Trainee: 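The structure under discussion is supplied below as structure tokens; questions concerning it will follow.
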Amino acid sequence: MRTLYDTGSVHPLDRYEYYRTEATAEVAPVEIRGRSSLSLTAAMRIAQVGRYEIETTSWRSDIEGVALRTQRLIRASDPESYRICVLVSGELRVEQNGNQGRLRPRDIALYDTSRPWDARHVPGLTPMRLAMVTFPRALVPVPETAVRPPVGSALPRRMPGRGLVAAFLVGIAEAADPSADPQLADALGECVAGIIRQRLGLRPGISPAARRMLHRAHVTAVIRRKLADPHLDADGIARAASISPRYLYRIFEDTGTTPMQLVKKLRLTECHRSLRDPALSSAAINEIVSAHGYSRPDQFARDLRQLFGMSARQVRCSVRDRPAGDRDRL
């Protein structure tokens, strides 16, 4: 994910004005109101996955912060999209379309970028962290008139599938590079369309196949976070993903791979990426290998050659032998 803004990069006295300016560059620009504070920290990272824009934001201050999506901003820039967000930590008060709510961690809310909203960041010791997915309304085959009533409100906590979607979105927020997962766009499509249909009581809602896809995406995110653990096994993955070992294997039945085969492939892919990274060219190969969970260099060497047809040294040399302009694009 790339950083859109981070107040940690500027002097504390300049943070508030910097934050106000940079918030107008968001996918759905907002106007920041309130008072300046030396305790303010705010940051946003973004990633594009297919037609889905993923944004993760964090905010903390001892003074309430207000983010407004106004009619003026809508006229100036409207992606004509829906947005699904999940609160990861902290508190957030929101209002849109006459609906008001106070979001708690793991609450999910639905917004429409073509309608004004009022989001108020609650001050406190715990930073407010929010994960958002913004996508064209055309991707949801449901009439806008049907979707309009619940926008601006939190999804009922007892709604079937809500917890699964929340865990899936939190996993995306914690991923270093969501766009690295080639199946994520499909999972996002099932997620956003399914949760909206579920909220409106429309069939099929979140189908069993969609649930398996979302669980696989969640498990993949869990594995990515734990790749450095050389003792990672199926039981540990299941515990971290809050599912049973039996269900862990079940959700991978139709993929032609097992959870531990996925662990190996992800480890090799990350090792390969690190070996090609010019910033890590001076790092010892064994350090890179162990950082991604391989405890046996000889096993890594065999696995890498089997998957990529090259040794670790050959991977590095293939990057060094490229023209400088090509290396910059890696």
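Since the structure is predicted, the reported quantities are computational estimates derived from the model, not experimental observations. Both backbone and side-chain heavy atoms feed into the values below; hydrogens, waters and symmetry mates do not.
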Trainee: Determine, using the 4.5 Å side-chain heavy-atom cutoff (strictly less than), whether Val151 and Val133 are members of one ILVMFWY cluster.
Mentor: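 Yes.
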Trainee: Considering the options Arg102, Arg120, Arg60, which one meets the salt bridge (Lys or Arg N to Asp or Glu O under 4.0 Å) requirement together with Glu91?
Mentor: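 Exactly one pass, corresponding to Arg102.
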Trainee: What do the steps show when you test Met132 against Ile84 for side chain to side chain contact (heavy atoms under 4.5 Å, CB included), and what is the final call?
Mentor: CA-CA 6 Å; Met132 301 174 285; Ile84 287 178; over 6 Å; no
Trainee: I need the Ser37 OG to Glu64 CD distance, nearest 0.5 Å.
Mentor: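 Rounded to the nearest 0.5 Å, the OG-CD separation comes to 13.0 Å.
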Trainee: Identify which one of Arg137, Glu80, Glu144 satisfies the side-chain hydrogen bond (donor to acceptor under 3.5 Å, both in side chains) criterion when paired with Ser114.
Mentor: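 Between Ser114 and the candidates, side-chain hydrogen bond (donor to acceptor under 3.5 Å, both in side chains) is satisfied uniquely by Arg137.
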Trainee: Is the side chain of Tyr19 donor-acceptor paired with the backbone N or O of Asp6 at a distance under 3.5 Å, no angle test?
Mentor: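 Side chain of Tyr19 to backbone of Asp6, a donor-acceptor pair under 3.5 Å: no, none is there.
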Trainee: Counting neighbours of CZ on Arg51 that are heavy atoms of other residues, nucleotides or ligands and sit closer than 6.0 Å, is the number greater than 12?
Mentor: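 No - once you tally the heavy atoms of other residues, nucleotides and ligands closer than 6.0 Å, there are 12 at most.
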Trainee: Which residue, Arg129, Arg45, Arg83, forms the salt bridge (Lys or Arg N to Asp or Glu O under 4.0 Å) with Glu55?
Mentor: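 That would be Arg83; it is the only one of Arg129, Arg45, Arg83 passing the salt bridge (Lys or Arg N to Asp or Glu O under 4.0 Å) with Glu55.
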Trainee: If we ignore hydrogens and angles and just use 3.5 Å, is the side chain of Gln96 paired with the main-chain N or O of Asp112 as donor and acceptor?
Mentor: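 Answer holds: yes.
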Trainee: Is there a path of hydrophobic side-chain contacts, each under 4.5 Å between heavy atoms of I/L/V/M/F/W/Y residues, joining Leu155 to Tyr111?
Mentor: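 Shared cluster, no.
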Trainee: Can Leu130 and Thr56 be said to form a side chain to side chain contact (heavy atoms under 4.5 Å, CB included), step by step?
Mentor: CA-CA 6 Å; Leu130 192 68; Thr56 62; over 6 Å; no
Trainee: Should Glu31 and Arg20 count as an ion pair when the cut-off is N to O under 4.0 Å?
Mentor: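 Result for this pair is no, no salt bridge flagged.
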Trainee: Looking at Thr126 and Gly90, would you say the former's side chain and the latter's main chain have a donor-acceptor pair under 3.5 Å?
Mentor: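 Judged by distance alone, no pair lies under 3.5 Å.
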Trainee: Would one find more than 12 heavy atoms of other residues, nucleotides or ligands at under 6.0 Å from atom CZ of Arg157?
Mentor: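 Correct, the count exceeds 12.
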Trainee: Do side-chain atoms of Arg197 reach the backbone of Ile206 as a donor and acceptor pair under 3.5 angstrom?
Mentor: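 No, because the side chain of Arg197 does not come within donor-acceptor range (under 3.5 Å) of the backbone of Ile206.
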Trainee: What are the two closest non-hydrogen atoms of Pro149 and Asn99, and how far apart are they?
Mentor: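 For Pro149 and Asn99, the tightest heavy-atom pair comes out as O-ND2, 2.8 Å.
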Trainee: Does any part of the side chain of Phe300, heavy atoms only, come nearer than 4.5 Å to the side chain of Asn286, both counted from C-beta?
Mentor: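 They are not in side-chain contact.
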Trainee: Evaluate the side-chain proximity of Leu92 to Val122: yes if any heavy-atom separation is below 4.5 Å, no if none is.
Mentor: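 Heavy-atom side-chain distance check fails, nothing below 4.5 Å.
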Trainee: So, do Ile54 and Ile46 sit near enough that their side-chain heavy atoms are less than 4.5 Å apart?
Mentor: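 Side-chain contact under 4.5 Å: no.
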Trainee: Would Val88 end up clustered with Leu164 when hydrophobic side chains under 4.5 Å apart are linked, directly or stepwise?
Mentor: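 As far as the 4.5 Å side-chain criterion goes, Leu164 and Val88 are connected within one cluster.
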Trainee: Between the side chain of Ser81 and the main-chain N/O of Pro79, is any donor-acceptor distance below 3.5 Å?
Mentor: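 At least one qualifying donor-acceptor pair exists.
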Trainee: Taking Leu232 as the starting point, is it possible to reach Val222 by hopping between hydrophobic residues whose side chains are less than 4.5 Å apart?
Mentor: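 Different clusters.
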Trainee: Identify whether the distance between the nearest side-chain nitrogen and carboxylate oxygen of Arg216 and Asp254 falls below 4.0 Å.
Mentor: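 Here Arg216 pairs with Asp254 in a salt bridge, since their nearest N and O are under 4.0 Å apart.
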Trainee: On a heavy-atom basis, which atom in Pro116 and which in Gln71 lie closest, and how many Å separate them?
Mentor: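 In this case the closest contact between Pro116 and Gln71 is CG-NE2, 3.6 Å.
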Trainee: Once you round to the nearest 0.5 Å, how far does CZ of Arg93 lie from CD of Gln100?
Mentor: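 Separation between the atoms: 10.0 Å.
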Trainee: Classify the angle between the aromatic ring planes of His121 and Trp59 as parallel (below 30°), tilted (30 to 60°) or perpendicular (above 60°).
Mentor: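 Aromatic pair His121/Trp59 classed tilted.
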Trainee: Does some side-chain heavy atom of Ser77 sit less than 4.5 Å from a side-chain heavy atom of Pro29?
Mentor: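 Pro29 vs Ser77: side chains touch.
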Trainee: Hey, are Asp303 and Gln299 close enough side-chain-wise for a donor-acceptor pair under 3.5 Å?
Mentor: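 Yes - a donor-acceptor pair under 3.5 Å links their side chains.
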Trainee: Are the side chain of Thr134 and the backbone N or O of Tyr52 linked by a donor-acceptor pair below 3.5 Å?
Mentor: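 Checked: no pair found.
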Trainee: Under 3.5 Å, is there a donor-acceptor pair between the side chain of Thr7 and the main chain of Ala42?
Mentor: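 Looks like yes, one N/O pair under 3.5 Å.
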Trainee: Under 6.0 Å from the CG atom of Leu13, do we count more than 12 heavy atoms belonging to anything else shown?
Mentor: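 Result for CG/Leu13: enclosed.
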Trainee: Please examine the side chains of Arg69 and Arg115, heavy atoms only from C-beta on, and report whether any two atoms are closer than 4.5 Å.
Mentor: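 They are not in side-chain contact.
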Trainee: Looking at every non-hydrogen atom in both residues, tell me the closest pair between Ser290 and Glu287 and how far apart they are.
Mentor: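 Heavy atoms of Ser290 and Glu287 come nearest at OG-O, 3.1 Å.
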Trainee: Any chance you could measure Glu17, atom CD, to Ile32, atom CD1, to the nearest 0.5 Å?
Mentor: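 One finds 11.0 Å between CD of Glu17 and CD1 of Ile32.
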Trainee: Please report the shortest heavy-atom distance between Pro105 and Ser89, naming the atom on each side.
Mentor: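 Smallest heavy-atom distance, with atoms named: CG-CA, 4.1 Å.
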Trainee: Between Cys191 and Val165, which heavy-atom pair has the shortest distance, and what is it?
Mentor: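 So the two residues come closest at SG-CG1, 3.4 Å.
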Trainee: Just so I know, are the side chains of Val263 and Met260 near enough to count as touching, which here means a heavy-atom distance under 4.5 Å?
Mentor: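 Val263 vs Met260: side chains touch.
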Trainee: In terms of side-chain geometry, is the basic nitrogen of Arg250 or Glu253 positioned less than 4.0 Å from the acidic oxygen of its partner?
Mentor: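 Salt bridge between Arg250 and Glu253, a charged N being under 4.0 Å from a carboxylate O: no.
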Trainee: Which heavy atom of Ala234 sits nearest to which heavy atom of Leu248, and what is that distance?
Mentor: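 Scanning both residues, the minimum pair turns out to be O-CD2, 3.4 Å.
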Trainee: Does any non-hydrogen side-chain atom of Met159 lie less than 4.5 Å from one of Gln198?
Mentor: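 Of all side-chain heavy-atom pairs linking Met159 with Gln198, at least one is under 4.5 Å.
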Trainee: Hey, are Ser274 and His292 close enough side-chain-wise for a donor-acceptor pair under 3.5 Å?
Mentor: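 Yes, because at least one side-chain N or O of His292 sits under 3.5 Å from a partner of the opposite role on Ser274.
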Trainee: Output the distance between atom OG1 (Thr21) and atom OH (Tyr5), rounded to the nearest 0.5 Å.
Mentor: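 Going from OG1 on Thr21 over to OH on Tyr5, the span is 11.5 Å.
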Trainee: Please step through side chain to side chain contact (heavy atoms under 4.5 Å, CB included) for the pair Glu270 and Arg224, ending with a clear verdict.
Mentor: CA-CA 9 Å; Glu270 290 306 312; Arg224 287 185 183 279; 3.5 Å; yes
Trainee: Grouping I, L, V, M, F, W and Y whenever their side-chain heavy atoms are under 4.5 Å apart, do Leu103 and Val66 come out in a common cluster?
Mentor: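 No, Leu103 does not connect to Val66 through the hydrophobic network.
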Trainee: Centres of the His215 and Tyr247 rings: under 6.0 Å?
Mentor: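 Centroid separation for His215 and Tyr247: below 6.0 Å.
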Trainee: Under a 4.5 Å cut-off applied to non-hydrogen side-chain atoms, are Val192 and Tyr82 in contact?
Mentor: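 The answer is no; the side chains never approach within 4.5 Å.
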Trainee: Verify side chain to side chain contact (heavy atoms under 4.5 Å, CB included) between Leu262 and Phe252, making sure each step is shown before the conclusion.
Mentor: CA-CA 10 Å; Leu262 177 61; Phe252 281 90; 3.7 Å; yes
Trainee: From Lys264 NZ over to Thr257 OG1, what is the distance, rounded to the nearest 0.5 angstrom?
Mentor: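 Answer for the NZ-OG1 pair, Lys264 versus Thr257, is 9.0 Å.
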Trainee: Would you compute the distance between atom CD of Gln261 and atom OG1 of Thr255 and round it to the nearest 0.5 angstrom?
Mentor: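 If we round to the nearest 0.5 Å, Gln261:CD and Thr255:OG1 are 8.5 Å apart.
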